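A quick note: this is a predicted structure, and the numbers were derived from the prediction, not measured. All values below were derived from every heavy atom in this structure, side-chain atoms included, with hydrogens, water molecules and symmetry-related copies excluded. Below, chains carry the letters A, B, ... as their sequence lines are ordered, and counting in each starts from 1.
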Protein chains: 2
Amino acid sequence: MDAYKYIKEAIIHGKYEPGMRLGEESLAKELKLSRTPIREAIKQLESEGLVTPLKRGVSVRHFTREDIQQIYDLRTLLEGYAASQAALHRTDEDIKMMKEANDRYEEAINRYKEADLNSIKEIVNFNQQFHEAIISACKNPHIYFHLSKVVVVPLVFRSFYWYDAFELKRSLEVHKTILSAIQNQDSERARVAMTEHIYQGRDQVLAHLEEIKKIHVLKEDTHD
Amino acid sequence: MDAYKYIKEAIIHGKYEPGMRLGEESLAKELKLSRTPIREAIKQLESEGLVTPLKRGVSVRHFTREDIQQIYDLRTLLEGYAASQAALHRTDEDIKMMKEANDRYEEAINRYKEADLNSIKEIVNFNQQFHEAIISACKNPHIYFHLSKVVVVPLVFRSFYWYDAFELKRSLEVHKTILSAIQNQDSERARVAMTEHIYQGRDQVLAHLEEIKKIHVLKEDTHD
DNA sequence: AATTAACGCTTTGTATACAAAAGGTCAATG
DNA sequence: CATTGACCTTTTGTATACAAAGCGTTAATT
């Protein structure tokens, strides 16, 4: 298997936790490869900022609350712009792709049962498909290049897994607003709706982080 | 020497021209290294988009006119935002850095003699220092991370080398406008001035590209 | 003469071996 | 008892050797 993809997935899925050291030898044994391809994968991840260099080797990057704020600021900027451009440049084909992704998103949300991991994975997938359809419609591949590196970060926190039925419905409604703004070529409306949508996502992640922090504090207390 | 830096510089300075194939063996011989560190450097450059994968190996990426348009759109967005945030978050120390860089920029422009490569390099350097001071003042390292990859591209065309004395003076004036807007914490003014500044840069590069194209057409004609 | 198949050469992908640097441990000394 | 220094282990950095995959060239056949 491709070492780069494997390690990246492992980081996103939390198999390798933030701060954890990534030794070349152990990765090589785990993937049944030699150290050479492992090193190349690590170099790539390093240049994307998913791992940080140590004095020796690398460790999985730890993102602070401040990082999340800043990264989401970046994402609102880029993806808001992408939505506005999509409104200007979208073709019928683009609209079809967005509709399709969002319809499946809706179906998955309606099928959703609380705490069913599989159905959540499905939802996350179709959500991503919708956003990618928009980015693709804005006809600027360089935007996609940068956004793909920005979007990865919050996935590490898997905050989507904490969404309840109400939040999912709300997210779906905003998607529909964005979609119709793009269809109507109302670029400013598309930009604002997308920006707001992503700010809502940020609030979810930050709230999630607070929950985690509380739990940690509780654990610390029990240890005393 | 570090293979990554070396190859990157060589691409920026035009030693390796767009479309040129980068063979591992030949690079290894040139840098007096084995293929292993070369491969790692290439992987990094690939993930930054400076080289593109072939069926076998990589070649120096060729940027079209459309690429330039799109990349500059991205840059106005990011660096305009950076300027607006710098206006909000700047410290006295930040202002000092900007002033210093821009003063040196001004001195270098005043010393400027037409077609003197060394003085142009100096100018390019202080210009970069000024822009970096702003990005640093916006207190969002992630912006810097992405901008540093966006900014590299136009350098490949070395359009700055075509600036005449008038354009340099104008650029200097805009710098001063941006600087005072940031000092006065006028974030919207800073954003707009920076955006305009970068659009002017884009126009320069695109005009430069047109010149190059004309020359190519002339050459083609002489060959017949 | 054109097309295709096969062979050989070039270049990349992977593994391994060796060199060098960093970190940890234990003992000796102040 | 603490601190430092030397040695030993672990891990990374680099080189090289070998395997595999493209690519071009040539020759053979239609």
Side-chain angles (χ1 to χ4, degrees), chain A residues 1-63 141 145 148-149 152-153 156, chain B residues 1-63 141 145 148-149 152-153 156:
Chain A
M1 183 183 183
D2 184 31
Y4 168 76
K5 273 192 182 168
Y6 179 89
I7 299 172
K8 187 170 173 178
E9 296 280 308
I11 290 174
I12 289 173
H13 288 57
K15 181 173 179 186
Y16 304 148
E17 286 180 27
M20 176 175 167
R21 179 136 191 256
L22 295 182
E24 297 177 2
E25 207 99 39
S26 64
L27 285 174
K29 211 166 61 182
E30 187 173 335
L31 299 197
K32 280 166 186 147
L33 283 168
S34 76
R35 278 176 48 218
T36 314
I38 300 288
R39 285 177 63 80
E40 282 167 13
I42 286 177
K43 270 275 143 60
Q44 266 183 267
L45 292 166
E46 197 179 323
S47 91
E48 291 178 20
L50 266 184
V51 303
T52 64
L54 262 31
K55 307 107 220 283
R56 211 170 29 154
V58 299
S59 69
V60 177
R61 175 154 181 188
H62 178 256
F63 292 98
F145 180 88
S148 64
K149 276 154 198 174
V152 168
V153 173
V156 174
Chain B
M1 184 183 181
D2 184 33
Y4 168 76
K5 274 192 182 170
Y6 179 89
I7 299 172
K8 187 172 174 179
E9 296 279 308
I11 291 175
I12 289 174
H13 289 56
K15 181 173 180 186
Y16 303 149
E17 286 180 27
M20 176 177 168
R21 178 133 190 252
L22 295 182
E24 298 176 2
E25 207 99 40
S26 63
L27 285 173
K29 212 164 62 181
E30 188 174 333
L31 300 198
K32 280 164 187 150
L33 282 169
S34 77
R35 277 175 50 218
T36 314
I38 300 289
R39 286 177 61 80
E40 282 168 12
I42 286 176
K43 270 276 143 61
Q44 265 182 270
L45 292 166
E46 199 181 322
S47 90
E48 291 178 21
L50 267 183
V51 302
T52 64
L54 261 31
K55 307 106 222 285
R56 210 172 27 154
V58 299
S59 68
V60 178
R61 175 154 183 188
H62 179 256
F63 292 98
F145 180 87
S148 64
K149 277 154 198 174
V152 168
V153 174
V156 175

Next on the checklist: Is it the case that atom CD in B:Glu17 sees more than 12 heavy atoms from other parts of the structure closer than 6.0 Å?
Outcome noted: no
Checklist outcome for this item: Rounding to 0.5 Å, atoms CZ (B:Arg35) and CG (B:Leu27) come to a distance of 11.0 Å
Next on the checklist: Within this structure, what is the CG-CD1 distance for the pair A:Leu31 and A:Ile7, rounded to the nearest 0.5 Å?
Outcome noted: 6.0 Å
Checklist outcome for this item: 5'-most to 3'-most nt of DNA chain D touching chain B (<4.0 Å, heavy-atom partner on protein side) reads D:dT14 to D:dC23
Checklist outcome for this item: Between B:Ala3 and B:Ile38 the two heavy atoms that sit nearest each other are CB-CD1, 4.2 Å
Item to check | Atom-pair distance (CD on B:Glu25; P on C:dT11), nearest Å | outcome: 7 Å
Next on the checklist: Tell me the interatomic distance from A:Glu40, atom CD, to C:dT12, atom P, rounded to whole angstroms.
Outcome noted: 12 Å
Next on the checklist: Any donor-acceptor pair under 3.5 Å linking the side-chain atoms of A:Tyr6 with those of A:Lys15?
Outcome noted: yes
Checklist entry - Are B:Tyr4 and B:Glu9 linked by a side-chain donor-acceptor pair shorter than 3.5 Å? => result no
Next on the checklist: Nearest heavy atom decides the nucleotide; on that basis, is A:Leu22 or B:Pro37 closer to the 5' end of DNA chain D?
Outcome noted: A:Leu22
Checklist entry - Considering residues at least two apart in sequence or located in another chain, which fulfil the salt bridge (charged side-chain N to carboxylate O under 4.0 Å, His left out) criterion with B:Lys43? => result A:Glu40
Checklist entry - Does B:Arg61 have any salt bridge (charged side-chain N to carboxylate O under 4.0 Å, His left out) partners at least two apart in sequence or in another chain, and if so, which? => result B:Asp67
Item to check | Residues forming a side-chain contact (heavy atoms from CB on, under 4.5 Å) with A:Arg56, sequence neighbours excluded | outcome: A:Arg21
Next on the checklist: I'd like to check A:Glu46 versus A:Pro53 (side-chain heavy atoms, cut-off strictly below 4.5 Å). Are they in contact?
Outcome noted: yes
Listing time: all N or O pairs from protein to nucleotides 4-7 of chain C that are below 3.5 Å?
none

Next on the checklist: Does anything in residues 46-58 of chain B come within less than 4.0 Å of DNA chain D? Heavy atoms only, and list the residues if so.
Outcome noted: B:Lys55, B:Arg56
